[in-house]
Amino acid sequence: MERTVIIDALQCAGEGQLINVRGWVRSRRGNKNVSFIALNDGSTIKNIQIVVDLAQFPEENLKPVTTGSCISATGHLVASQGSGQAVEIQLTELEVYGTADPEQYPLQKKGLSMEYLRTIAHLRPRTNTFGAVFRIRHNMAMAIHNYFHEHGFFYFHTPIITASDCEGAGQMFQVTTKNLYNLKKDDEGKIDYSDDFFGKQTSLTVSGQLEGELAAMALGKIYTFGPTFRAENSNTPRHLAEFWMIEPEVAFIQKDELMDLEEDFIKYCVRWALEHCKDDLEFLNQFVDKGLIARLESVVNTDFVRLTYTEGIKILQEAVKNGKKFEFPCTWGDDLASEHERYLVEEHFNKPVIMSDYPKDIKAFYMKINEDDKTVQGTDVLFPQIGEIIGGSVREESLDKLNSEIERRDIPMKDMWWYLDTRRFGAAPHAGFGLGFERLLLFVTGMQNIRDVIPFPRTPKTAEF
Ligand code: 4AD
Ligand code: MG
């Protein structure tokens, strides 16, 4: 018999029609006469209840139907007599696909800690929380593609293996087929990569931006959406060594339009979650973060604050004067610490902030330099609970200025020749940003740790599964 997915079965009126469902048993309880199986197939957070008449199915036959086992159940869909569900299935035929020994199956109890669930990341998608998170993750990916498609952007694929360090932060994972047990070095102690797979030193990309810029100089509006890798040794709830990034790049826009795009895009994604992930959000709102839905609604309905870095520093220094204590000093020229970002976003303004015009020395080489020659047109979006969710900027389109910045920073020119060609042939004003997909998911799900919004997190000293 053809399978009905549970999300569809729950939409049907229970008129006694025969249906078949398949899924994993969440629980089984009952008495001498009747047994109730809660079955979930991942299509929705909701379980379907299967009622077993023990006069027809001896308890003995039901023995393998324990929490975690996988079954196929056929029966009549009827209006439920119990509260809590509109319909249920009266079982007529049962097949057990796979058992799960109650002595060994780890997901028996409710309320297992997030830390423990990370150690069984291969099974945690079967919990309510992770089912909800990963359905939302899918929906957010769809929202992102929809947004850009509707707005005339082309999805452009940038390479994963690269020979250039976009952010210039030197936090790259090397890619090599060289025999590390027998690594030859020259007289200066340098490694000769000419006989390596690519004939040069290569790494996993930290960002698709540079290639994205090349594409924007031909297709006008593009975006990337792919995995990026950073070997930064940051053991925080907001950093992953492997994360997904969305990077739109647009020709002919300026700073204000870039900030408009950042704000409109994030609001679209959050609105999409509210519209498409209702059941899952309600679950998370109830069990993970009581303020979640209110926070999502508030972000959709407020204008983000737009603030320059210099104004931000003034507010922070004013706060310090009035008795606010920060661990780190806030002096003009320093990167904001996460406590500073959070003060601005959560205490001072109590809404998202787009901060712009940072000191050039704390930002990457490609950002457009302002006339003051001290600040650059970076436009980061700072979010409550998360901190930086988007890093963006207007790009320096002048070949001369870009060249002198590359020289000042000692970036190896020969690796950048193709990037510089965009400034040589038909240079155009352009801008773009990168959104950390998992940071967006932290916000949308209310989860506390970035390791819990990606199926198999990669962090320092962890690459299990
Ligand atoms: O600010 P970042 O480093 O900017 C770039 O990479 C630019 N090339 C983007 C662009 O303009 N096209 O990173 C962008 C975003 C951050 O705001 C953050 O949300 C996320 O990527 N991010 C991380 N997310 C998880 N783990 C990490 N280690 C992250 N590093 C950055
Ligand atoms: Mg950044």
Side-chain angles (χ1 to χ4, degrees), residues 137 140 144 148 153 156 158 162 164-173 204-216 221-251 253 255 258-259 261-262 265-266 269 309 335-338 341 345 352-356 358-359 362-368 376-383 385-396 419 430-444 447 449-454 457-460 462:
R137 190 178 163 106
M140 287 296 92
I144 287 159
F148 288 122
F153 288 67
F156 191 78
T158 52
T162 175
S164 57
D165 179 356
C166 170
E167 291 304 296
Q171 298 166 323
M172 304 185 83
F173 290 102
L204 297 175
T205 188
V206 295
S207 161
Q209 179 194 323
L210 302 187
E211 292 89 350
E213 284 186 53
L214 314 183
K221 297 200 260 187
I222 65 95
Y223 70 105
T224 72
F225 187 171
T228 45
F229 307 86
R230 297 201 183 172
E232 51 189 334
N233 202 356
S234 308
N235 242 316
T236 83
R238 320 215 186 296
H239 288 89
L240 290 165
E242 177 179 302
F243 64 100
W244 288 65
M245 189 151 49
I246 296 97
E247 298 186 89
E249 194 68 36
V250 191
I253 63 166
K255 194 176 72 187
L258 174 65
M259 294 194 282
L261 177 66
E262 292 175 346
F265 169 61
I266 294 205
C269 293
Y309 167 90
D335 218 348
L336 292 187
S338 138
E341 293 176 350
V345 176
V353 169
I354 309 186
M355 183 170 274
S356 66
Y358 291 82
I362 60 171
K363 289 294 184 189
F365 75 96
Y366 49 70
M367 295 195 185
K368 187 175 176 72
V376 288
Q377 296 188 10
T379 57
D380 288 2
V381 182
L382 312 178
F383 251 47
Q385 322 261 315
I386 313 296
E388 182 190 324
I389 193 164
I390 278 182
S393 79
V394 179
R395 318 307 187 189
E396 182 55 71
Y419 182 69
H430 63 290
F433 66 81
L435 168 78
F437 189 44
E438 287 76 18
R439 299 246 176 118
L440 174 70
L441 285 170
L442 275 179
F443 182 73
V444 170
M447 299 294 281
N449 194 309
I450 201 161
R451 294 164 177 80
D452 300 329
V453 295
I454 188 165
R458 267 80 182 99
T459 51
T462 324

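Values reported hereafter were calculated over all heavy atoms of this structure, with side chains retained and with hydrogens, waters and symmetry mates removed. Whatever order the structure lists ligands and atoms in, that order sets their numbers, starting from 1.
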Selected option - heavy-atom contact closest to atom 30 (N) of ligand 1, from Phe243, Phe229, Tyr223: Phe243
Proximity flag Ile450 to ligand 1, non-hydrogen atoms under 4.0 Å: yes
Region of Phe433 engaging ligand 1 - heavy atom pairs below 4.0 Å: backbone
Parallel, tilted or perpendicular, as decided by the 30° and 60° cut-offs, for the rings of Tyr309 and Tyr358: tilted
The one among Glu167, Glu249, Arg230 that brings a heavy atom closest to atom 13 (O) of ligand 1: Arg230
Protein heavy atom at shortest distance from atom 26 (N) of ligand 1: Leu240 N, 2.9 Å
Trp244 touching ligand 1 at heavy-atom level, < 4.0 angstrom: no
Met367 heavy atom under 4.0 Å from ligand 1: no
The Mg ion (ligand 2) to nearest N/O/S of Glu388 below 2.8 Å: yes
Residue-ligand contact Arg238/ligand 1, heavy atom below 4.0 Å: yes
Aromatic ring pairing Phe433/Phe265, orientation class (parallel under 30°, perpendicular over 60°, tilted between): tilted
Arg439 heavy atom under 4.0 Å from ligand 1: yes
